Trainee: 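Have a look at this one.
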Amino acid sequence: MARELLGLHLVRVRRTPTGPIEQVGRIVETEAYLGPDDLAAHSARGRRTPRTETMFGPPGHAYVYLIYGVHHCLNFVTAERDVPQAVLIRALEPIANLVGRTSGPGLLCKSLDIDRSHDALDLLGDELFVVRPTGQRPVELGAGPRIGVEYAGAWAKKPWRLLDQSSTFISRPLPKAGSRSSRRRVRG
DNA sequence: GGCACGATTGCT
DNA sequence: GCAATCGTGCCT
């Protein structure tokens, strides 16, 4: 799903006093979180709490959480009920009605005005959803380790951060080949 | 009730 | 390099 979402358009419909505004961004960076095995996931070891409950719910819903007491992060729940997997949306390329930066999970939520009140929102509804654009620009697939999960040991090394290398709106470049974070463990 | 800390960002 | 800022998870 993290791969499939790249290149699709995320649509956010905001109701305003003067009528609805449709914000659109092309998804250019995602990360996969495959709990309960994945120790980098909030649902690691099957941890099921009020916060992570949405991850255990049906797919096609938003999982939104507050990080560092400051920013919100938007995820799509991707697996069947009771299988706590999700895809973090990390960066958008502005297509329509987007003001402010959209490169980075916290910035993206700020620009789309998404917060905890949107947790568990149905992504098949009319407020937040994805569409496949016509004449879709091809995705130049890149992969690297996920950001900010150093604590997850071997799981932190998995190349589950996916992005479109042709986009200038990714949150940060992939680590250079040969750098510590991209080097493969080789048996000696 | 206490306390350590985070799937980030911005400023020094 | 590090502070901001607070909900969450886990312990007592």
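When reading the values below, keep in mind they use all heavy atoms of this one structure, side chains included, and skip hydrogens, waters and symmetry mates. Note that the structure is a prediction, hence the values are computed from the model and not measured. Below, chain A is the first sequence line, B the second, and so on; all start at residue 1.
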Trainee: Between dG7(C), dG9(C), dT9(B), spot the one nearest the side chain of L66(A), thanks.
Mentor: dG7(C)

Trainee: Which nucleotide in the set dG10(B), dC10(C), dT8(B) lies at the smallest distance from any side-chain heavy atom of I147(A)?
Mentor: dT8(B)

Trainee: Please work out if V70(A) contacts a base, only the sugar-phosphate, or nothing of the nucleic acid, heavy-atom cut-off 4.0 Å.
Mentor: base

Trainee: Does dA7(B) pair with anything, Watson-Crick or G-U wobble, both distances under 3.5 Å, and if so, with which nucleotide?
Mentor: none

Trainee: Should R161(A) be listed as having a side-chain N or O under 4.0 Å from OP1 or OP2 of dA7(B)?
Mentor: no

Trainee: May I ask you to verify if any side-chain N or O of R116(A) is less than 4.0 angstrom from the OP1 or OP2 atom of dT8(C)?
Mentor: yes

Trainee: Determine whether H71(A) and K110(A) make a side-chain contact, defined as any pair of heavy atoms from C-beta on separated by less than 4.5 Å.
Mentor: no

Trainee: When you get a sec, tell me which of dA7(B), dT9(B), dT8(C) is the closest nucleotide to the side chain of I67(A)?
Mentor: dA7(B)

Trainee: Would you mind reading off the distance between L162(A) atom CG and dA7(B) atom C1', rounded to a whole angstrom?
Mentor: 14 Å

Trainee: Taking side chain as C-beta onward, heavy atoms only, is S166(A) less than 4.5 Å from R137(A)?
Mentor: yes

Trainee: Report the nucleotide, chosen from dT9(B), dA7(B), dG9(C), that has the shortest atom-to-atom distance to any side-chain atom of Y151(A).
Mentor: dA7(B)

Trainee: Categorize R101(A) for me: base, sugar-phosphate, or nothing, with a 4.0 angstrom heavy-atom threshold over every strand shown.
Mentor: sugar-phosphate

Trainee: With a cut-off of less than 4.0 Å, is there a side-chain N or O of R51(A) near OP1 or OP2 of dG9(C)?
Mentor: yes

Trainee: Determine, for F169(A) and R26(A), whether the Lys NZ or Arg CZ falls below 6.0 Å from the six-membered ring centre while staying within 45 degrees of the axis.
Mentor: no

Trainee: Rounding to a whole Å, what distance do you find between F76(A):CZ and dA7(B):C1'?
Mentor: 15 Å

Trainee: Roughly how many Å is it from OH in Y65(A) to P in dG9(C), rounded to a whole number?
Mentor: 13 Å

Trainee: Side chain of H71(A) only, heavy atoms from C-beta on: which candidate in dG10(B), dT8(B), dT5(C) is closest?
Mentor: dT8(B)

Trainee: Quick one: which of dA7(B), dG9(C), dT8(B) gets closest to the side chain of Y68(A)?
Mentor: dT8(B)

Trainee: Is the shortest heavy-atom distance from the side chain of E93(A) to the side chain of D164(A) under 4.5 Å?
Mentor: no

Trainee: Whole angstroms only, please: what is the CD-P distance between E53(A) and dG7(C)?
Mentor: 20 Å

Trainee: Taking atom P of dT8(C) as reference, at what distance in whole Å does atom OH of Y63(A) sit?
Mentor: 9 Å

Trainee: Separation of K110(A) atom NZ from dG10(B) atom P, in whole Å?
Mentor: 7 Å

Trainee: Would you say H42(A) places a side-chain N or O within less than 4.0 Å of OP1 or OP2 belonging to dA7(B)?
Mentor: yes

Trainee: Rounded to whole angstroms, how far apart are NE2 on H72(A) and P on dG6(B)?
Mentor: 19 Å

Trainee: Find the distance R48(A):CZ to dC10(C):P and express it as a whole number of Å.
Mentor: 15 Å

Trainee: When you compare the side chain of I27(A) with that of L92(A), does any pair of heavy atoms fall below 4.5 Å?
Mentor: yes

Trainee: Just to confirm, is there a sub-4.0 Å distance from OP1 or OP2 of dT8(C) to any side-chain nitrogen or oxygen of R47(A)?
Mentor: no

Trainee: Relative to the 5' end of DNA chain C, which residue comes earlier, G69(A) or P50(A), by the nucleotide with the nearest heavy atom?
Mentor: G69(A)

Trainee: How about Y65(A) and N75(A): do any of their side-chain heavy atoms sit closer than 4.5 Å?
Mentor: yes

